[in-house]
2 protein chains.
Amino acid sequence: MVTIKQVAEEAGVSVATVSRVLNSNGYVHEETRKAVEKAIEKLHYRPNEIARSLYHHTSKLIGLVVPDITNPFFPELARGVEDYLQQEGYHLMIGNSDENVEKEVQYIEAFRQHNVMGVISSTSEETAEWTKLNIPVVLLDRVQNDFPSVYADQEAGGQMAANILLERGSRNITLLRGPIHLRIAQERFLAALHVLGKSDVHFQVMNTSFSLHDASSTAKQLFDQYPNTDGVIAANDIVASAVLREALLRGKNIPEELQIIGYDDIPVCELLYPALSTIHQPAYEMGKEAAKLLMKSLKQSKKINEQMMLPVSFVERETTRKVEKV
Amino acid sequence: MVTIKQVAEEAGVSVATVSRVLNSNGYVHEETRKAVEKAIEKLHYRPNEIARSLYHHTSKLIGLVVPDITNPFFPELARGVEDYLQQEGYHLMIGNSDENVEKEVQYIEAFRQHNVMGVISSTSEETAEWTKLNIPVVLLDRVQNDFPSVYADQEAGGQMAANILLERGSRNITLLRGPIHLRIAQERFLAALHVLGKSDVHFQVMNTSFSLHDASSTAKQLFDQYPNTDGVIAANDIVASAVLREALLRGKNIPEELQIIGYDDIPVCELLYPALSTIHQPAYEMGKEAAKLLMKSLKQSKKINEQMMLPVSFVERETTRKVEKV
DNA sequence: TTGTAAGCGTTATCAA
DNA sequence: TTGATAACGCTTACAA
């Protein structure tokens, strides 16, 4: 490892001078600067972030916690975060929490021990522990009043999903509700519920998780219990895919007999047949904005508490009928 | 931030003593040990990894580089890595390389600057840069003779895929070849090619990437150029899904008229309809083994160069015919 | 414009 | 069994 000391020797100056040119701090003669730069170049010197970090109590590290990177919505978020951070010279420590508070606490410890400068969290809204860290935290795809957060317009999304099915003629709708403890899931559920409630169609509600493991059995159960369903508002695209598969398996015509609308717009939607109509959340953008917001609160000392809501949109594909057909 | 000094004061001893109980190093009287532990408890003290890292030139950080976490195969790998590492008390710095050498170099710099202890890389086999780091590197789902690597048995996988289609009666097979610069892709391609070559069936080869963005057009092209194809060996599951969709779109009966076999066994396979038959790569296990291998080479000083090949298996679902039917 | 030296939070050596 | 202290690589007063 080449240190500042060696650079100083090579350039025939003191370490202080090298440090000055490194940080463009204080006065340094043009000549000396060049000499130092030459030495740096020659030795391929790169300052040791660890030493800097120790002195400054800062770092170029950001923590990112997601419930499970294996769930296809999160890689998009993570990628948005990473791309922005990387261009700002920051790097990512990442952890999967499985929505498990113990694990979260472990990461919090790890983050603290590594002088992580800020955290982006897509995990449970149980944020008591996070407050202890005393560094900026931005919630991503999660909402909690005490923290800045970046999320998509769940109310609009829920309404949109319900209205789409209604407009296109579903008369017996099954509404799949996501995890009840997740505010975003609850919000879009409530919004859809409200729309259905104001309509004259028949509808029912089923609970489900967001996860692939439960999706198939949820789908089976749905058609066993409500065989006459002609419209499904799924909790997310994973669940929607499972419903689609099960419907096809039972010989339903889609979208003629049954319309399905998903949520998220994960990449595979367009690979399904029929391709899944869904509510698009701008996941990559959300990640990017969360990172941007975090950078902003790093740069200014006063706490910010911005709530940033990004718009959702309906992506019309093949599991909903064309509106003219109604 | 509470430091070792404060703990020492609280316990009425010197920092050296605290350090000794922290690391269970050297002699320390039972009484004093208890006093120190009490102080630690009381102040919620946690040693600063940064300071340790500076002194020891070590850390609890591992670097992980993947081409693109957005590609559904990599989250499984990453999760396997993370779970194992986490249980060993290590943490992950992660980066997406986009197979871009410049980006890789940036991560290498970042890893070095943070005293990262080892790297797991699923990115290009252009490893010249990695050697410069002088820390253990384990290749994951990539192979290169100079590095330890963990990968799945591509030769068996390629053969299996071809044999499955052959056994089940495909007589006009299109073999989709993945990125030519990737040794694993090339190996499974070659293995499948070899099997087809020894058979008496008609077959053709098309080049494709692994990516979702190219998948649809590849699929279209496939059926435009080779409308009589009755068996497709896809480069991976993404491509297979696109082919499946396109085939369905064109009204083909699956698997009666056309069999499709994927590669990887990403989670969505079972959500498709018909569900995708595929060659299963034990991605999670691979990640875990790579992490294990890395830990091993961290613990012993001499370089290891283990090549670990995990078995693949055929997952029979609905895009291949039952073998009795032939 | 430059250099000396103290300090960031640890660990390890050495002396007591 | 304990405590001073130098060292890890860097930054920043302060002195020159």
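Quick note: numbers below take in every heavy atom, side chains included, and nothing from hydrogens, waters or symmetry partners. Bear in mind that the values here come from a model prediction, so they are computed numbers and not experimental data. First the proteins, then the strands, lettered A, B, ... as listed; each starts at 1.
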DNA chain D: B:G26 or A:Y45, which has the more 5' nearest nucleotide?
-> B:G26
Under 4.0 Å: is that the gap between some side-chain N or O of A:T17 and OP1 or OP2 of C:dG3?
-> yes
Name the pairs: protein N/O against N/O of nucleotides 12-16 of chain C, kept only if under 3.5 Å.
| unit_1 | atom_1 | unit_2 | atom_2 | d |
| --- | --- | --- | --- | --- |
| C:dA12 | OP1 | B:H56 | NE2 | 3.2 |
| C:dA12 | OP2 | B:N25 | ND2 | 3.1 |
| C:dA12 | O4' | B:Y55 | OH | 2.9 |

Short side-chain N/O contact from A:R52 to OP1 or OP2 of D:dG9, under 4.0 Å = no
Qualifying residues under side chain to side chain contact (heavy atoms under 4.5 Å, CB included), relative to A:E10, sequence neighbours excluded | A:A39, A:K42, A:L43
For A:P267, which residues count as a side chain to side chain contact (heavy atoms under 4.5 Å, CB included) partner, sequence neighbours excluded?
-> A:E76, B:L212
Does any residue of residues 27-44 of chain B have a heavy atom under 4.0 Å from DNA chain C, and if so, which ones, in number order?
-> none
Step-by-step side chain to side chain contact (heavy atoms under 4.5 Å, CB included) determination, B:H57 to A:M1 = CA-CA 10 Å; B:H57 299 295; A:M1 164 182 258; 4.1 Å; yes
Listed partners of A:I135 passing side chain to side chain contact (heavy atoms under 4.5 Å, CB included), at least two apart = A:V116, A:V119, A:L133
Would you indicate whether A:E30, at its atom CD, is surrounded by more than 12 heavy atoms from other residues, nucleotides or ligands within a distance under 6.0 Å?
-> yes
Measure from NZ on B:K5 to P on D:dA4 and round the result to the nearest Å.
-> 12 Å
Between the two end axes of the helix from C:dT1-D:dA16 to C:dA16-D:dT1, each built from 5 base pairs, what angle do you get to the nearest 10°?
-> 50°
CD1 of B:I4 versus P of C:dG7: gap in Å, rounded?
-> 18 Å
